Amino acid sequence: MTAARKSSEQDPTADPPQRASAPRKDPAGKAKPARPTPLARLGLHTDWDLALHLPLRYEDETRLTPLDALRDGELVATDAVVTQAQVQGRAPRRQLLVRLQDPEAGDAILTLRLFHFYPNQLKTLQPGVRLRVHGQVRQGLFGWEMVHPTWKLVDANAPLPNTLTPVYPTTAGVPQSYLRKAVAGALKRLVWRDTVPQEELTRHHLPDLPSSLRTLHAPPAAALPALEAGAHPAQRRLKFDELLAQQLAQQQARAQRQRWKAPMLPAAPEVHSLPALLRAAIPFTLTAAQERCVAEIAADLAQTAPMHRLLQGDVGSGKTVVAALAAAQAVASGWQCALMAPTEILAAQHARKLADWLEPLGVGVAWLSGSQTKKEREAALQRVASGQAQLVLGTHAVIQAQVRFARLGLAIVDEQHRFGVAQRLALRDSLRAGTQGSGLQPHLLMMSATPIPRTLAMALFGDLDVSTIDVLPPGRTPVRTSVVSADRRDELVARVGALTAQGRQAYWVCPLVEESETLDLQNAVATHAELSAALATRPGQGAVQVGLLHGRMKAQEKRATMRAFSAGEIGLLVATTVIEVGVDVPNASLMVIEHAERFGLSQLHQLRGRVGRGAAQSDCVLLFTSPLSPTARERLGAMRELTDGFALAQKDLELRGPGELLGLRQSGVPGLRYADLAQDIDLLEAARDTAQRLLVAAPEAARQHAARWLGEGFDWLSA
Ligand code: ADP
Ligand code: MG
């Protein structure tokens with residue numbers, strides 16, 4: 001619970017609202033009018049801001065440790081008497097050495113080393129004066145030492161504070177003492193009105209807000225272990241409030257959506273209906289998990305409120321067919337369905353699969369992408385506008401403004417989290433325009449192969465319904481994963497040769513060098529050349545065709561390469577992470593990932609999901625370059641041990657924190673300042689539960705709560 005507060009909203013419930021008034025004396029000295037006040041530089045504008053500026057840590061000055069009871073490495077407060085003070089060395093290594101003893105603690109000596117001091121401090125530190133010091137003790141050459149401790153003059157028997165001393169996040173020129181006074185003043189001035197009703201607090205065993213904040217700024221010493229674990233009731237109250245605000249906003253948005261109207265697309269159970277015909281054409285039986293998801297979606301589509309559902313399932317769990325059945329239901333009702341994928345490769349693959357399934361059943365299909373010729377594109381747009389194309393497939397070109405749908409009833413977004421903020425907004429606008437003045441909103445189905453742990457899904461997508469395909473189709477052999485040093489690369493190349501000789505195929509993935517797309521490219525091109533050479537001349541065997549796939553290639557080239565790989569004309573495909581999602585070549589049974597230590601867990605899992613799609617035993621080899629950091633070691637170990645995407649996502653959450661897992665900053669989901677989703681699952685559930693009741697029973701308190709936490713300017717209705 002440490003991050004400094006950035007926003008600056010006025011607390012609407014503290015009345016009357018007051019500006020934080022700084023302590024009278026500005027320790028930074030020269031207060032030029034143009035410069036922001038020290039507090040403003042920390043983003044602290046109101047009393048409420050100050051109250052929420054929580055300590056980074058605490059110092060325990062409530063107990064004194066006598067000099068003869070010190071232990072190496074301990075952080076302690078102690079009282080002792082100056083016996084000697086002298087300046088040693090020259091600038092910049094000049095230091096003030098202060099020697100202390102305590103008549104009641106035998107002959108133990110404590111030496112303070114102060115690097116920043118003023119000449120008159122030397123005058124103050126006369127032999128005989130008593131100091132109270134706080135710092136870490138270590139064993140020095142001449143007894144105990146403290147380097148740069150905090151210290152002050154005290155009288156004998158000066159009283160000890162009875163609470164822990166807060167240490168706040170701060171910036172240069174804003175001393176702790178100044179912040180402490182400012183916060184204490186703010187806490188005194190704030191007029192509290194709790195936005196969470198007492199009965200909700202009782203239900204979830206949470207303390208009231210004023211006492212929680214007072215405790216966090218000045219806790220009793222006994223609270224330290226709980227505080228350090230982030231489990232103190234006062235901390236839980238703040239986390240709860242933050243999560244509650246988020247849940248309120250999401251549930252409110254959801255309620256708002258319920259008021260919109262969508263076309264009714266009833267399930268069509270008759271034997272000759274499109275969905276039934278599609279089922280008959282599919283060469284396998286759906287798993288129970290797929291059936292459950294199909295039913296959940298079918299029920300949503302039959303409603304007059306727009307569906308807003310996330311279909312999540314591990315790579316290879318079979319989301320495409322579930323999407324196809326939803327599309328069939330929309331088309332059967334006389335509406336259009338659009339499916340949008342984040343990359344050309346993926347869109348092309350969907351197009352092929354869905355078209356193969358649905359075109360023979362008489363469904364008109366159109367393809368839209370950025371790389372089409374103008375003529376192709378115009379023809380496609382025309383078919384979309386006339387309604388001739390019932391299924392529209394493509395990249396985000398599908399949601400561009402020129403695209404006019406005749407009757408868009410269902411929009412499906414694959415790998416939705418890979419779309420950027422701008423594209424999501426465009427999607428929203430496009431959905432609003434989608435039904436051309438009918439006043440109806442299309443249904444929305446989002447798909448994700450990045451399994452999101454339930455807790456995170458709730459926090460981020462509390463306003464979504466979630467369907468999960470939680471088992472893989474039968475007949476899959478789990479991928480065997482090994483972690484191998486890059487020293488053994490040659491062995492691997494030989495293995496690829498042997499594998500392709502048996503008619504099987506392999507992927508070889510080169511890492512993403514974040515800073516440089518060009519380097520990436522060079523890397524992949526060089527690897528391709530090297531592997532081509534190594535695999536070209538092997539005694540007794542034909543050369544292996546080595547293909548190359550990277551993000552800079554033209555869409556057409558990419559598609560041609562993928563087609564050749566699918567057809568088995570290419571034995572080894574060297575690629576950058578462009579193959580991360582969705583590509584489906586069941587005959588590929590080996591995945592080599594170079595510099596696996598540079599990838600995140602979920603990315604490695606996505607890559608690994610490209611193999612193990614057929615019945616044959618598949619392998620994933622994670623090549624690493626020493627030395628490995630402890631986290632990297634743990635990550636690669638987890639990849640070897642775990643095959644379940646959800647378990648890996650949970651592990652990723654623990655190792656990296658939620659922000660990185662989903663790229664929160666990029667996706668624009670407001671991050672959480674206090675709550676930790678790996679730890680505070682119970683609070684998230686409590687907040688969800690309270691939000692439901694509060695919106696019905698006390699909508700005004702709910703609004704105030706959301707505004708307090710999300711800012712007054714927060715758009716309460718359209719979150
Ligand atoms: P993803 O969830 O990663 O999008 P896909 O929809 O691409 O997965 O499915 C992966 C592979 O599994 C495809 O080849 C698909 O045809 C096949 N598949 C899907 N469902 C089943 C099933 N119930 N039984 C057998 N194979 C299936
Ligand atoms: Mg897919």
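All residue numbers refer to positions in the sequence shown, counting from 1. The analysis underlying the following values was restricted to heavy atoms, covering all of them including side chains, and did not include hydrogens, waters or symmetry mates. One-based numbering, in listed order, for ligands and for the atoms of each. Note that the structure is a prediction, hence the values are computed from the model and not measured.
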Counting only heavy atoms not in Q556, do more than 12 fall under 6.0 Å of its CD? no
State if K353 counts as touching ligand 1 under the rule of any non-hydrogen atom under 4.0 Å. yes
For G313 and ligand 1, answer yes if some heavy atom of the residue is under 4.0 Å from a ligand atom, otherwise no.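 No; G313 lies far enough from ligand 1 that no heavy-atom distance drops under 4.0 Å.
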Give a yes or no answer on whether the side chain of R383 reaches the backbone of V365 with a donor-acceptor pair at less than 3.5 Å. yes
Which part of [X] is near ligand 1, with near meaning a heavy atom under 4.0 Å away: side chain, backbone, both or neither?
{"X": "R613", "value": "side chain"}
{"X": "I469", "value": "neither"}
{"X": "T320", "value": "both"}

Is the shortest heavy-atom distance from the side chain of V398 to the side chain of F405 under 4.5 Å? yes
Any side-chain heavy-atom pair from V384 and Q336 closer than 4.5 angstrom?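 When only atoms from C-beta onward are counted, Q336 and V384 do touch, with a gap below 4.5 Å.
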What pair of heavy atoms forms the shortest contact from F599 to V509, and how long is it?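 Scanning both residues completely, I find the closest heavy atoms to be CZ-CG1, 4.3 Å.
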From the options L354, L339, V322, select the one residue that forms a side-chain contact (heavy atoms from CB on, under 4.5 Å) with I412.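 It is L339, the one option of L354, L339, V322 that forms the side-chain contact (heavy atoms from CB on, under 4.5 Å) with I412.
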Which of the atoms of ligand 1 are close to [X], meaning less than 4.0 Å from one of its heavy atoms?
{"X": "S317", "result": "2 (O), 8 (O)"}
{"X": "T287", "result": "23 (N)"}
{"X": "T285", "result": "22 (C), 23 (N), 24 (N)"}
{"X": "L286", "result": "23 (N)"}
{"X": "P473", "result": "20 (N), 21 (C), 22 (C), 24 (N), 25 (C), 26 (N), 27 (C)"}

Set of side-chain contact (heavy atoms from CB on, under 4.5 Å) partners for S467, sequence neighbours left out: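 Per chain and number, S467 pairs via side-chain contact (heavy atoms from CB on, under 4.5 Å) with C293, E296, R309, L311.
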Rounded to the nearest 0.5 Å, how far does CG of L622 lie from CE of M639? 5.5 Å
Please confirm whether W357 comes within less than 3.5 Å of ligand 1 when only nitrogen or oxygen atoms on both sides are compared. no
Considering S448, P474, A323, G318 one by one, which has a heavy atom nearer to atom 8 (O) of ligand 1 than any of the others? G318
